[in-house]
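Atoms within a ligand are numbered from 1 in the order they appear, just like the ligands themselves. FYI, the numbering just counts along the sequence from 1. Small disclaimer: the values here were computed from a predicted structure and weren't measured.
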Amino acid sequence: MTNECIFCQIAGGKIPADIVYEDNDIVAFTDINPEAPVHLVIIPRNHIASLNDVEKKDTELLGRINMTAITLAKQRGLDKTGYRLVSNMGRQAGQTVDHVHYHLLGGRFMMWPPG
Ligand code: AMP
Ligand code: ZN
């Protein structure tokens, strides 16, 4: 945990969030600035700054984050309509919080390619 990191603070219960799922390794919560009717953020509890910093030992964790996203999507009926699971890495991709996270977006039509 780093004191300055907003997602570490959410995972540690230091600042409030609408947490929809958590276990020992993963936390998922509603995005504070939703870009779709469903917009969840799924994070590892441990601080990893970006996908650049992921190591081989994190392979299972990343798989479990994917499985968590799929389950959360199904719980919301998005498996019937479609959804997008995306992780922004670095400034050009639009990463603003330097703690690995995946966006689960659904509930509306989306454009491709992304802007
Ligand atoms: P990114 O721009 O890909 O780094 O995504 C960061 C996301 O975190 C944005 O969609 C923000 O709206 C969201 N966010 C930032 N602060 C909070 C917060 N305190 N609670 C929930 N979501 C947040
Ligand atoms: Zn962090």
In the protein, which heavy atom is nearest to [atom], and how far is it?
atom	answer
atom 5 (O) of ligand 1	H101 NE2, 3.0 Å
atom 17 (C) of ligand 1	I32 CG2, 3.6 Å
atom 4 (O) of ligand 1	T96 N, 2.7 Å
atom 12 (O) of ligand 1	D31 OD1, 2.5 Å

Using a strict cut-off of 4.0 Å, indicate which atoms of ligand 1 neighbour a heavy atom of [X].
X	value
F29	21 (C), 22 (N)
N88	3 (O)
T30	21 (C)
H103	1 (P), 3 (O), 5 (O), 7 (C), 10 (O)
N33	12 (O)

[X] N/O under 3.5 Å from ligand 1 N/O:
X	value
V97	yes
Q95	no
H39	no
I6	no

Q: Please list, chain by chain and in numerical order, all residues satisfying salt bridge (Lys or Arg N to Asp or Glu O under 4.0 Å) with R84, sequence neighbours excluded.
A: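 Salt bridge (Lys or Arg N to Asp or Glu O under 4.0 Å) check on R84 returns nothing, list empty.
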Q: Output all residues satisfying ring pair (Phe, Tyr, Trp, His ring centres under 6.0 Å) with Y102, sequence neighbours left out; order by chain, then residue number.
A: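 For Y102, no residue satisfies ring pair (Phe, Tyr, Trp, His ring centres under 6.0 Å) once neighbours in sequence are set aside.
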Q) Taking D25 as the fixed residue, which of L61, T68, I65, N46 is the one that meets the side chain to side chain contact (heavy atoms under 4.5 Å, CB included) rule? A)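 When side chain to side chain contact (heavy atoms under 4.5 Å, CB included) is applied between D25 and each of L61, T68, I65, N46, only L61 qualifies.
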Q: Report the residue from T30, V27, D31 that forms a side chain to side chain contact (heavy atoms under 4.5 Å, CB included) with V41.
A: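 Among the candidates, only D31 passes.
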Q: Give, rounded to 10 degrees, the angle between ND1 (H47) and SG (C8) as seen from the Zn ion (ligand 2).
A: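 Here the angle at the metal atom is close to 110°, to 10°.
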(Q) Only to 10 degrees, please: what angle do the ND1 atom of H99 and the SG atom of C5 make about the Zn ion (ligand 2)? (A)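 Rounded to 10°, it measures 100°.
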Q: Please say whether more than 12 non-hydrogen atoms of neighbouring residues, nucleotides or ligands are located less than 6.0 Å from CE in M110.
A: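 Enclosed.
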Q. Between D58 and R64, is the closest basic N to carboxylate O distance under 4.0 Å?
A.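 No.
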Q: Please confirm whether the backbone N or O of P44 pairs with a side-chain atom of H99, one donor and one acceptor, at under 3.5 Å?
A: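 Confirmed, H99 side chain pairs with P44 backbone.
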Between [atom1] on residue [X] and [atom2] on residue [Y], distance to nearest 0.5 Å:
X	Y	atom1	atom2	answer
Q95	H101	CD	NE2	5.5 Å
R108	T81	CZ	OG1	12.0 Å
I10	I43	CD1	CD1	6.5 Å

Q: May I ask you to identify, for F7, whether its side chain, its backbone, both or neither come under 4.0 Å of ligand 1 on a heavy-atom basis?
A: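 It is the side chain that gets close, since no backbone atom is under 4.0 Å.
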Mind checking whether [X] has a heavy atom under 4.0 Å from ligand 1?
X	value
G94	yes
I10	yes
E35	no
D98	no

Q: Begin with the C-alpha distance, continue with both residues' side-chain angles, and end with the deciding distance and a verdict on side chain to side chain contact (heavy atoms under 4.5 Å, CB included) for S87 and H103.
A: CA-CA 6 Å; S87 184; H103 299 261; over 6 Å; no
Q) Hey, what's the ring geometry for F29 with F7, parallel, tilted or perpendicular (30° and 60° as the breaks)? A)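 It falls in the perpendicular class, over 60°.
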